[in-house]
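Read through the structure below, which is laid out as structure tokens, and then see the notes.
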Amino acid sequence: MHDIRWIRENPEAFDEGMKRRGMAPQSAELIMLDARRREAQTEAQVLQSERNTLSREIGKAKSQGHDATEIVTRVGEMKARLGVLEEGQRKAEADLTAALETLPNLPSDGVPLGEDEDANVELRQSGEKPCFDFEPKQHFELGEALGEMDFETAAKLSGARFVLLSGLLARLERAIAQFMLNTHTGEFAYTEVSPPVLVRDHALYGTGQLPKFEEDQYCTEEGMWLIPTAEVPLTNIPAGMVIDEDCLPRRYTAHTLCFRSEAGAAGRDTRGMLRQHQFAKVELVSITHPDQSGDEHERMTACAEEILKRLGLHYRVMVLSTGDLGFGARKTYDLEVWLPGQQAYREISSCSNCGDFQARRMNARFRPVGEKGTRYVHTLNGSGLAVGRTLIAILENYQRRDGSILVPEVLRPYMGGGIDVIGPPVP
RNA sequence: GGAGGGAUGGCAGAGUGGUAAUGCAGCGGAUUGCUAAUCCGUCUACCCGAUAGGGUAGCGGGGGUUCGAGUCCCCCUCCCUCCGCCA
């Protein structure tokens with residue numbers, strides 16, 4: 001959500017930001033709605049003030065035993081008009097909010113200008129593509145050959161875009177998540193959280209999925225929503241609160257299932273488990289002082305990168321262009337891991353600085369030391385990492401000629417001991 | 001599913017129809033010769049105003065009654081307790 005006062009004072013900067021997002025100028029319409037709102041408010045307040053004065057006189061007169069019928073009739077006559085004005089004020093406020101709440105965040109300075117992901121800019125790479133003396137397979141070929149990645153049974157149970165892992169692949173998935181959580185909590189000072197994965201409307205509103213992206217979410221009959229990412233519960237932890245400045249930054253991590261309808265993704269990534277309706281992810285969320293969100297964004301990205309480095313996976317860091325930026329983000333780094341079976345880089349983490357955009361929606365503030373009043377916190381979120389996609393990356397990067405998978409060194413302690421290789425498949 | 005009790009400022013907590021007590025925290029100021037005490041003011045959001053200042057709203061949300069609602073009535077949401085069911 002944007003600050004209407006800022007828009008009022010910086011209309012050209014606001015429109016410039018929207019333009020970089022590929023959107024038409026918005027400020028004129030918003031400023032008009034704001035003017036209408038303030039006009040309606042002032043109008044209503046003048047009459048309310050009058051009413052209050054007269055009502056107080058009635059109270060005074062009555063307590064002194066004087067007759068007040070004349071004033072009572074006068075105030076009574078104001079009533080209908082007052083109702084109309086108050087209704088007008090409510091309407092004007094609702095109109096402005098409705099216009100504001102569907103507008104995306106403005107890109108930060110320095111975010112590359114572009115229409116879509118083709119304009120994303122590579123910042124750096126880490127590691128190297130592995131060399132094979134055979135033709136590397138895709139993850140689903142490997143997993144199915146091992147007999148531990150079963151799309152047919154999953155489809156029988158749940159339909160398309162689901163997978164059933166079993167045996168050592170199921171265990172590998174668990175090991176990956178454990179390794180990530182232990183690293184983020186033990187070394188990077190994130191507090192582990194086990195949050196609800198069903199949330200109310202206002203939580204999804206706070207992070208920006210509602211009202212605009214309702215069709216991407218799963219909703220229960222009771223009106224609860226399955227989270228599309230743990231960003232939703234974690235970022236909403238400080239919603240509605242005023243926290244002390246010395247409690248910042250707050251860092252949370254959680255390993256949860258995520259649920260996405262993939263409504264707009266028909267036909268994309270249909271083979272394998274790259275794009276599923278349900279997947280596990282270890283999420284990172286930071287709540288920071290406004291002056292620190294930039295540094296925190298770099299730090300968070302580095303934490304996610306460290307996981308890939310320790311797993312020995314080659315990846316590149318992209319900064320998203322203005323056209324590829326998510327709704328709530330002002331700046332996003334994507335980590336793209338190399339998949340030798342696919343011969344492609346694929347997103348495995350997305351780290352975003354949302355500034356005060358989400359904080360304003362969820363009313364999350366802090367009290368600055370030495371100042372009066374409150375300010376909005378800044379919120380950041382990043383995957384640290386997507387567990388399913390990490391499994392894919394390990395399969396494709398650590399595959400061997402015989403179809404077996406070498407377990408990366410750092411994961412072996414989590415595999416239960418003595419399991420350094422998964423497979424090879426039995427014919 | 002059944003029954004009951006609740007929701008008041010950053011926090012705690014009074015308030016049964018007439019300007020939202022009080023305490024703590026925060027902020028501003030005064031004062032005192034020492035890490036502090038005391039006193040005064042302020043305290044959320046918005047509107048008007050160049051400033052000084054003025055005003056409105058805010059007691060979970062929305063309606064209603066009333067000249068006037070935190071207070072009375074209706075609807076809704078959420079929280080808690082007990083019972084039932086249940087991992």
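As a basis for the values below, the full set of heavy atoms in this structure was taken, side chains included, without hydrogen atoms, waters or symmetry mates. In what follows, every chain begins at residue 1, and chains take the letters A, B, ... in the order their sequences are listed.
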Who pairs with A:Glu101 by salt bridge (charged side-chain N to carboxylate O under 4.0 Å, His left out), at least two apart in sequence or on another chain?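 So A:Glu101 forms no salt bridge (charged side-chain N to carboxylate O under 4.0 Å, His left out) with any residue.
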With Watson-Crick and G-U wobble geometry limited to distances under 3.5 Å, how should the secondary structure of RNA chain B be encoded in dot-bracket form, using | for bases paired to another strand and [ ] for crossing pairs? ((((((((.[[[..)..(...]]].(((((.......))))).(((((....)))))..[[[[[..)....]]]]])))))))....
Hey, would you say the A:Phe162 and A:His277 ring centroids sit under 6.0 Å apart? yes
Kindly state whether the ring of A:Phe327 and the ring of A:Phe357 have centres lying under 6.0 angstrom apart. yes
Is the shortest side-chain N to carboxylate O distance from A:Glu336 to A:Arg346 below 4.0 Å? no
Just checking [X]: base, sugar-phosphate only, or nothing, at a heavy-atom cut-off of under 4.0 Å?
{"X": "A:Arg367", "result": "base"}
{"X": "A:Gln48", "result": "sugar-phosphate"}
{"X": "A:Arg200", "result": "sugar-phosphate"}
{"X": "A:Asn52", "result": "sugar-phosphate"}

Examine the side chains of A:Gln358 and A:Thr207 and answer whether a donor and an acceptor come within less than 3.5 Å of each other.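 No pair is found: no donor N or O on one side chain lies under 3.5 Å from an acceptor on the other.
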Would you tell me whether A:Tyr414 and A:Asn182 have side-chain atoms, one donor and one acceptor, within less than 3.5 Å of each other?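 Yes, a side-chain donor-acceptor pair sits under 3.5 Å.
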Taking any atom under 4.0 angstrom from a heavy atom of chain A, which nucleotides of RNA chain B are the first and last to qualify, 5' to 3'?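 Range of nucleotides within reach of chain A: B:G10 to B:C79.
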